[in-house]
Peer 1: 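Shown below is the structure under consideration.
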Amino acid sequence: MNKIISVDKLSENVVRLEIEAPRIAKKRKAGHFVIVKLGLKGERIPLTISSSNPEKGTITLIIQKVGVTSHKISILKAGDEITDVVGPLGQATHVEKIGTVLCAGGGVGTAPLLPIVEAMKKAGNRVITVLAARNKELIILEKEIREYSDEVIIMTDDGSYGKQGLVTQGMEEIIQREKVDKSIIIGPAIMMKFGSMLTKKYNIPTEASLNAIMVDGTGMCGACRVSVGGVTKFVCVDGPEFNAHDVNFDELLMRLGGFKEEEYKAYQSYLEGLKKETV
Amino acid sequence: MENIAEYLKQERGQEWREELRKSMKPKERLSKDRVQMIEEDSFLRAQSHIEVNRGITVQMAVEEAKRCLDCPDPTCIQGCPVSINIPKFIKYVEKQDFALAARTLKETNALPAVCGRVCPQEKQCEASCFYTIKLKKIPVAIGHLERFVADWERNSGKMYIPEVAPSNGIKVAIIGSGPSGLAAAGDLVKLGYSVSVFEALHEPGGVLKYGIPEFRLPNEIVDVEIENLKKMGVEFITNFIVGKTATIEDLKAEGYQAFFAGSGAGLPNFMNIPGENANGIMSSNEYLTRVNLMNAAHDDYDTPVLFGKKVAVIGGGNTAMDSVRTAKRLGAERAMIIYRRTLEEMPARVEEVKHAQQEGIEFLNLNSPIEYFADKNGRVNRMRLQKMELGEPDDSGRRRPVPIEGSEYDLEADLVVVSVGVSPNPLIPASLPGLKMSRWGTIIVDDKEMQSSIPELFAGGDIVRGGATVILAMGDGRNAAAGIHRYLQNKNKK
């Protein structure tokens with residue numbers, strides 16, 4: 001059982017939870033994730049650790065409401081408990097001083113990006129971050145990202161905040177302006193696909209952090225397999241970060257839809273249940 | 001070994017055993033037929049998750065126990081990886097003292113109800129039974145009797161908790177709560193150690209929980225055995241991955257003096273053929289974990305599982321049988337085993353194959369998939385198979401399957417479960433740079449005491465064997481416990 005210390009809403013569908021997990025807080029590095037399970041009948045889902053406080057023994061998770069489990073987690077309150085939290089999992093981000101790092105976060109992808117931005121900055125890099133979302137309301141963690149970035153560019157699809165346009169436009173502007181030594185892209189698979197195509201065009205080494213479907217998170221099941229450079233890798237143990245130019249994003253997109261029908265039905269019936277409860 | 005022989009002789013010489021032996025002529029014992037396990041109707045069971053084997057009755061058990069000759073040289077014990085005093089427990093059954101029979105099992109076996117269900121007795125104790133080796137007759141049903149005794153005890157409501165030596169205060173960490181870890185924990189706690197079992201998943205039990213289906217080993221049975229270990233003082237810590245949540249070095253700093261790695265073979269193999277990453281193609285580990293551990297087939301559980309009408313399971317091991325029979329129970333119209341050799345070479349237990357056949361599982365033997373095809377949503381809908389023939393024997397002694405050129409044909413399948421073996425889980429080795437590993441990724445240990453190249457680390461089960469059985473893992477756990485005991489005694493003497 002892991003107690004929730006605080007909850008704050010970052011946007012309509014995104015919440016930030018600070019939870020007690022002293023051992024994970026001590027061990028976790030940028031790039032690591034945890035598997036979370038809520039309730040005896042809950043499913044196991046992966047969530048990136050956004051930050052941690054080893055002294056206090058807490059980690060911070062950011063969750064976007066997209067289905068049954070994320071919805072259930074998003075309505076928890078301070079003092080509630082999460083049944084199971086295990087980690088830290090995955091390979092930590094390879095952090096080194098290489099010069100200028102261009103980070104790009106799409107939507108809730110900004111959450112896993114934050115610890116990497118922080119680590120890259122602390123390693124002595126010049127960090128430029130592009131945050132992108134459909135509209136102003138969906139831009140999250142701007143203050144925290146600014147703290148560790150030399151420059152932040154905001155892109156919104158509707159122009160309600162920052163510049164109007166896609167994440168790739170913001171990235172290309174930087175790439176054309178100055179030398180970029182490395183790029184890190186985290187967000188929806190489709191955004192990472194196009195971001196990665198862009199940096200490939202400019203020959204910039206790029207990492208993407210993949211958000212695959214997982215069950216155990218320890219390499220046991222292979223639900224999270226992904227093709228990288230033509231070889232099957234497990235996101236949970238080999239990743240979550242991979243050389244973006246080698247990732248088969250189309251396959252990732254296809255595999256993310258592997259349980260679409262089941263998930264949709266379950267979510268609809270859950271929402272129906274919620275409605276009945278409130279009536 | 002001398003002590004053991006002496007102990008067995010002493011036990012056999014007890015008055016009650018002698019009386020029992022005299023109570024019936026060997027000829028009469030030999031004339032009895034072996035008991036038949038009661039099985040659930042194959043049609044009914046294929047539509048539910050109820051246990052296939054229903055157990056045997058008291059009367060059946062007592063009659064079967066009479067078949068055992070209580071040999072002066074009980075070869076059956078040598079066939080048991082955890083060295084159960086088999087004649088002693090069977091004679092207690094004959095005497096109808098089932099509680100003492102249960103105690104006898106627990107002298108050396110931490111999980112009798114589990115072993116009575118999933119051990120391949122036909123390859124172990126029963127293969128070494130006097131009936132088998134000397135008389136060329138059908139052996140005593142040792143496995144059925146073990147299960148009977150364990151079930152009787154559990155149902156009696158009065159479970160015997162083995163005696164535990166006074167605490168010596170020495171902390172030992174067991175990594176993984178599968179069969180090898182549980183066996184090691186049971187022996188070490190009896191010796192007075194302070195034992196903590198670290199489990200990566202949210203529930204203890206390892207493969208007994210996530211792998212073996214309800215219809216073969218109900219989770220409730222596993223829980224009872226774990227509960228008994230808790231009562232003996234074993235501490236279980238779930239959601240803890242040694243090597244990630246804390247390293248072995250961290251745990252040493254917390255006072256743990258020895259370690260047993262029983263982290264299993266947690267990395268499924270795939271065949272790396274075109275189309276294998278399509279949706280609806282998954283490892284048996286994933287399929288079984290979703291259904292067994294996560295209860296995905298129940299509506300009120302949140303984990304989803306894919307239901308297939310035409311399900312193909314690739315492989316011929318016990319896990320393949322578990323997967324295909326699970327698919328049948330989840331409503332598959334065709335549940336098929338695709339295996340590249342023939343029934344004869346199949347590694348699955350004969351009983352499992354028989355049960356599968358009874359339940360209407362189709363066996364496409366001498367077939368191997370070479371490619372998968374998917375619909376526009378990426379869901380598998382068809383596979384290409386190649387026919388095989390058997391060639392010369394390979395390293396395993398089994399005849400090698402050879403592809404027949406031009407024999408390719410397509411088969412419709414909307415769910416494919418790949419069950420072609422597992423590789424050792426790399427999490428522990430990856431966190432211990434000095435650890436000696438084999439080229440297959442298994443931990444190298446000495447055969448007897450299961451000690452690794454790091455003196456305080458012992459290992460057993462699939463992380464050492466690369467894929468074996470529950471009972472061999474338990475045997476490793478017991479040997480490692482003895483090794484750890486000796487290691488710690490020597491260390492603390494100095």
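The chains referred to below are lettered A, B, ... by the order of the sequence lines, with proteins before strands, and numbering in each begins at 1.
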Peer 1: Which atoms of A:I35 come close to chain B, meaning under 4.5 Å heavy atom to heavy atom: side chain ones, backbone ones, both, or neither?
Peer 2: neither

Peer 1: Please indicate whether B:K252 has more than 12 foreign heavy atoms, meaning atoms of other residues, nucleotides or ligands, lying under 6.0 Å from its NZ.
Peer 2: yes

Peer 1: Got A:E261 and B:P304 here, is their nearest side-chain heavy-atom distance under 4.5 Å?
Peer 2: no

Peer 1: What closest approach, in Å, do B:N277 and A:M254 show between heavy atoms, and which atom pair accounts for it?
Peer 2: O-CE, 3.8 Å

Peer 1: Step through the shown structure and confirm whether more than 12 heavy atoms of other residues, nucleotides or ligands are within 6.0 Å of NZ on A:K233.
Peer 2: no

Peer 1: Non-hydrogen atoms of chain B under 4.5 Å away: do they reach the side chain of A:V85, the backbone, both or neither?
Peer 2: backbone

Peer 1: Is it the side chain or the backbone of A:K72 that comes within 4.5 Å of chain B heavy atoms, both, or neither?
Peer 2: side chain

Peer 1: To the nearest 0.5 angstrom, please state how far the CG atom of B:D302 sits from the CG atom of A:L40.
Peer 2: 11.0 Å

Peer 1: Examine whether an atom of B:V418 lies under 4.5 Å from a heavy atom of chain A, and if so say whether it belongs to the side chain, the backbone or both; otherwise answer neither.
Peer 2: neither

Peer 1: Given A:V86 and B:H202, is the side-chain contact (heavy atoms from CB on, under 4.5 Å) satisfied, shown in steps?
Peer 2: CA-CA 8 Å; A:V86 62; B:H202 55 275; over 6 Å; no

Peer 1: Against chain A, work out which of B:S283, B:S284, B:G264 has the most heavy-atom pairs shorter than 4.5 Å and name it.
Peer 2: B:S283

Peer 1: Measure A:R44 against the heavy atoms of chain B and call it side chain, backbone, both or neither at under 4.5 Å.
Peer 2: both

Peer 1: How would you list, in number order, the residues of residues 368-384 of chain B that have a heavy atom less than 4.5 Å from chain A?
Peer 2: B:N377, B:G378

Peer 1: Pick whichever of A:K265, A:R28, A:E262 has the most heavy-atom pairs under 4.5 Å with chain B.
Peer 2: A:E262

Peer 1: Determine, for A:R23 against B:E254, whether the closest basic-nitrogen to carboxylate-oxygen distance falls under 4.0 angstrom.
Peer 2: yes

Peer 1: Side chain, backbone, both or neither: which part of A:I213 has a non-hydrogen atom closer than 4.5 Å to chain B?
Peer 2: side chain

Peer 1: Check whether B:L427 gets within reach of chain A through its side chain, its backbone, both or neither, counting any heavy atom under 4.5 Å.
Peer 2: side chain

Peer 1: Does B:K171, at its NZ atom, have more than 12 non-hydrogen atoms belonging to other residues, nucleotides or ligands within less than 6.0 Å?
Peer 2: yes

Peer 1: Determine the option with the most heavy-atom pairs under 4.5 angstrom with chain B, choosing from A:S227, A:S269, A:G87, A:G219.
Peer 2: A:G219

Peer 1: Is A:E81 atom CD crowded by more than 12 heavy atoms from other residues, nucleotides or ligands, each under 6.0 Å away?
Peer 2: yes

Peer 1: Do you know which two heavy atoms are closest between B:P268 and A:G222, and how far apart they sit?
Peer 2: CG-N, 4.2 Å

Peer 1: Among A:F234, A:F259, A:Y270, single out the residue with the greatest number of heavy-atom pairs under 4.5 Å to chain B.
Peer 2: A:F259

Peer 1: Under 4.5 Å from any heavy atom of chain A, what part of B:I281 do you find: side chain, backbone, both or neither?
Peer 2: both

Peer 1: State the OG1-NZ distance between B:T245 and A:K26, to the nearest 0.5 angstrom.
Peer 2: 12.0 Å

Peer 1: Using a 4.5 angstrom heavy-atom cutoff, name the option from B:G280, B:S423, B:A265, B:A278 with the most pairs to chain A.
Peer 2: B:A278

Peer 1: Heavy-atom distance under 4.5 Å to chain B: side chain of A:A223, backbone, both or neither?
Peer 2: both

Peer 1: Determine, for B:D250 against A:K27, whether the closest basic-nitrogen to carboxylate-oxygen distance falls under 4.0 angstrom.
Peer 2: yes

Peer 1: Given the options A:I24, A:V68, A:V231, A:T218, which has more heavy-atom pairs under 4.5 Å with chain B than any of the others?
Peer 2: A:T218

Peer 1: Under a 4.5 Å cut-off applied to non-hydrogen side-chain atoms, are B:R290 and A:V215 in contact?
Peer 2: yes

Peer 1: Indicate whether any N or O donor in one side chain lies under 3.5 Å from an N or O acceptor in the other, for B:T289 and A:D216.
Peer 2: no

Peer 1: Please check: side-chain N/O of B:N285 versus main-chain N/O of A:M220, any donor-acceptor pairing under 3.5 Å?
Peer 2: yes

Peer 1: Sort B:F307 into side chain, backbone, both or neither according to what part of it lies under 4.5 angstrom from a heavy atom of chain A.
Peer 2: neither

Peer 1: Side chain, backbone, both or neither: which part of B:D300 has an atom under 4.5 Å from a heavy atom of chain A?
Peer 2: both

Peer 1: Using the six-membered ring of B:F270, assess whether NZ or CZ of A:R225 lies under 6.0 Å from its centre and within 45 degrees of the ring axis.
Peer 2: yes

